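Some notes on the structure that comes next.
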Amino acid sequence: MKIDDMDAFVAVIRCQSTNLAAEALQLTQPAITRRVQNFEEDLGATLLDRNTKPLKPTPMGLRVYEQCKAILREIDSLRELVANDGAPSGTLRLGVPQTLGDVVLLDALAQIREAYPQLRTQVTSGWGSSLIARMENGELDAAAALFPPGKIFPEGIASQSIARMPLRVVTAKGSAGKRSYKLKDCYTRGWVLNPDGCGFRAGLQRALSEQGLSLSINLETFGTELQLGLVANGQGLGLVPEPLLQTSRHRSALDVLNISDFKPQVDLWLFHPRYLGNLQEPVELFGEVAGHRLLG
DNA sequence: CTCACCGATTCCTCTCACAG
DNA sequence: CTGTGAGAGGAATCGGTGAG
């Protein structure tokens, strides 16, 4: 049994296509087909259901896939063990949602560059869930993202909650009116939120639907600062983690609404593969700086 | 029915190990 | 050094399938 064959099989399942797997492994499609066939022959089992489109694993193929991922991770860690006898070098691939990027990246990248001059950094932006998926695919070395406390993440990924913070509902200065609100009171004002896929938005939507209310969106846009600016201009209500509100240049133009039946919280999570090798220290520094920038 | 796409197969070339 | 066989990968091609 060959590791290359196993690698090809895992790539096919991951990409759901032999063509894409070939592209990922920088081979041609026939090479992938043959490797997977060799692997199936070695194991004496049919691992792919070739009658489906896209290509899917058989029930046994799925079990083999899970086992293969664990084996390949072990092999990676073995290679790192040998290769990591020195200062961190190469490329550190980081993922952050845009919400956090504005706040943490400048400092984090500067400190990593200063501490590990031989290390190149590469940053990817996206929703937390897509960053985790990319990490599972081996495309990222670490990611910081905001998720609700107690969330369960995929087994192959190490997750660590760095800090907990409240989410605040904000409105334009002077438009708050009465001192205490309920969620249904906000209904008519409408919201300025991230596009669909954002965890904050999903949490709000859940809370509203529990009360039989629907989410009324005034504006959808990326970027916390832009959203808070729009809220300050009276375009609707905003939902933002407390630390980002405190550091916003629009803070003085905003009021926080006290909503008695909606007290959402969010954790800052640091994710990385279980085996980091010589990237362990830079990743820890990244988590440390991110936590520090958010919570002071 | 046609076309595009995808996976499998065939045939060829290249590389490497090994025996003589 | 040379010939041979095995193994791996690429180009071309075939066949199946789904969308229009």
Side-chain angles (χ1 to χ4, degrees), chain A residues 1-86 89-93 95 119-120 122-141 143 153-157 194-198 201-202 205 217 220 222 271-279:
Chain A
M1 194 182 298
K2 292 176 188 162
I3 294 166
D4 284 348
D5 294 348
M6 193 185 292
D7 223 4
F9 168 66
V10 168
V12 168
I13 302 295
R14 187 180 287 153
C15 302
Q16 296 191 310
S17 151
T18 50
N19 272 306
L20 294 179
E23 213 171 287
L25 297 180
Q26 296 187 308
L27 293 170
T28 58
Q29 173 258 317
I32 296 293
T33 296
R34 263 193 305 263
R35 282 187 175 189
V36 173
Q37 286 171 342
N38 290 341
F39 191 51
E40 287 182 313
E41 205 176 308
D42 285 336
L43 286 175
T46 304
L47 304 178
L48 294 176
D49 180 355
R50 292 167 170 85
N51 296 317
T52 62
K53 276 193 175 183
L55 218 55
K56 279 190 178 146
T58 59
M60 177 54 77
L62 200 57
R63 290 170 62 190
V64 170
Y65 171 66
E66 292 301 328
Q67 188 80 24
C68 286
K69 281 200 298 184
I71 292 169
L72 291 174
R73 274 198 296 271
E74 291 291 332
I75 290 169
D76 278 349
S77 72
L78 204 56
R79 288 187 174 130
E80 282 168 10
L81 182 74
V82 177
N84 294 337
D85 197 19
S89 59
T91 305
L92 173 65
R93 300 162 303 171
L119 194 64
R120 232 163 48 84
Q122 216 172 62
V123 180
T124 300
S125 232
W127 296 128
S129 48
S130 86
L131 295 176
I132 289 176
R134 295 190 70 164
M135 190 170 297
E136 275 195 293
N137 287 344
E139 295 168 30
L140 290 176
D141 300 309
F153 300 104
E155 210 178 290
I157 288 178
N194 284 323
D196 215 1
C198 163
R201 175 174 166 156
Q205 201 150 12
I217 300 282
E220 273 186 353
F222 288 104
F271 306 98
H272 58 78
R274 296 213 174 276
Y275 303 106
L276 272 168
N278 69 350
L279 295 179

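Order of the sequence lines sets the chain letters (A, B, ...), proteins ahead of strands, with each chain counted from 1. Remember, it's a predicted structure, so these values are computed and weren't measured experimentally.
- Side-chain contact, A:Thr33 with A:Gln29: a donor N or O sits under 3.5 Å from an acceptor N or O.
- For the pair A:Val36 and A:Leu47, the minimum side-chain heavy-atom distance is 4.5 Å or more.
- Between A:Asp141 and the choices A:Gln122, A:His272, A:Arg93, the side-chain hydrogen bond (donor to acceptor under 3.5 Å, both in side chains) rule is met once, by A:Arg93.
- Computed from coordinates, the A:Asp5 CG to C:dG9 P distance equals 8 Å when rounded to whole Å.
- For C:dA11, neither phosphate oxygen OP1 nor OP2 lies less than 4.0 angstrom from any side-chain nitrogen or oxygen of A:Gln29.
- Atom P of nucleotide B:dC11 and atom CZ of A:Arg34 are separated by 13 Å, given to the nearest angstrom.
- Distance, A:Lys56 NZ to B:dG7 C1': 17 Å, rounded to whole Å.
- No engagement by A:Ile32 is indicated, since no non-hydrogen atom pair under 4.0 Å with the nucleic acid exists.
- One atom, CG of A:Leu47, and another, C1' of B:dG7, lie 16 Å apart when rounded to the nearest Å.
- In this structure, A:Arg35 reaches the sugar-phosphate backbone alone: every heavy-atom distance under 4.0 Å involves primed, P, OP1 or OP2 atoms, never a base.
- For B:dG7, one of the phosphate oxygens OP1 or OP2 lies less than 4.0 angstrom from a side-chain nitrogen or oxygen of A:Thr18.
- Classified by interplanar angle (parallel below 30°, tilted 30° to 60°, perpendicular above 60°), the ring pair A:Tyr65/A:Phe9 is perpendicular.
- For the pair A:Phe39 CZ and B:dG7 P, the interatomic distance rounds to 19 Å; values are reported in whole Å.
- Atoms CG and CG, from A:Asn38 and A:Leu43 in turn, are 11.0 Å apart once rounded to the nearest 0.5 Å.
- Pairing each heavy atom of A:Phe271 with each of A:Met135, the nearest pair is O-CE, 3.6 Å.
- Of the candidate nucleotides B:dT9, C:dG9, B:dG7, B:dT9 has the atom lying nearest to any side-chain atom of A:Pro30.
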Below 3.5 Å is the cut-off: list the nitrogen or oxygen pairs between protein and nucleotides 12-17 of chain B, distance only.
none

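- Distance from the side chain of A:Asn19 is smallest for B:dC6 among the nucleotides B:dC6, B:dA8, B:dC11.
- Here A:Gln67 pairs with A:Ile71 under the side-chain contact (heavy atoms from CB on, under 4.5 Å) rule; sequence neighbours left out.
- At B:dA8, one or more side-chain N or O atoms of A:Thr33 fall inside 4.0 Å of OP1 or OP2 (strictly under the cut-off).
- In terms of phosphate contacts, A:Ser17 brings a side-chain nitrogen or oxygen within less than 4.0 Å of OP1 or OP2 of B:dG7.
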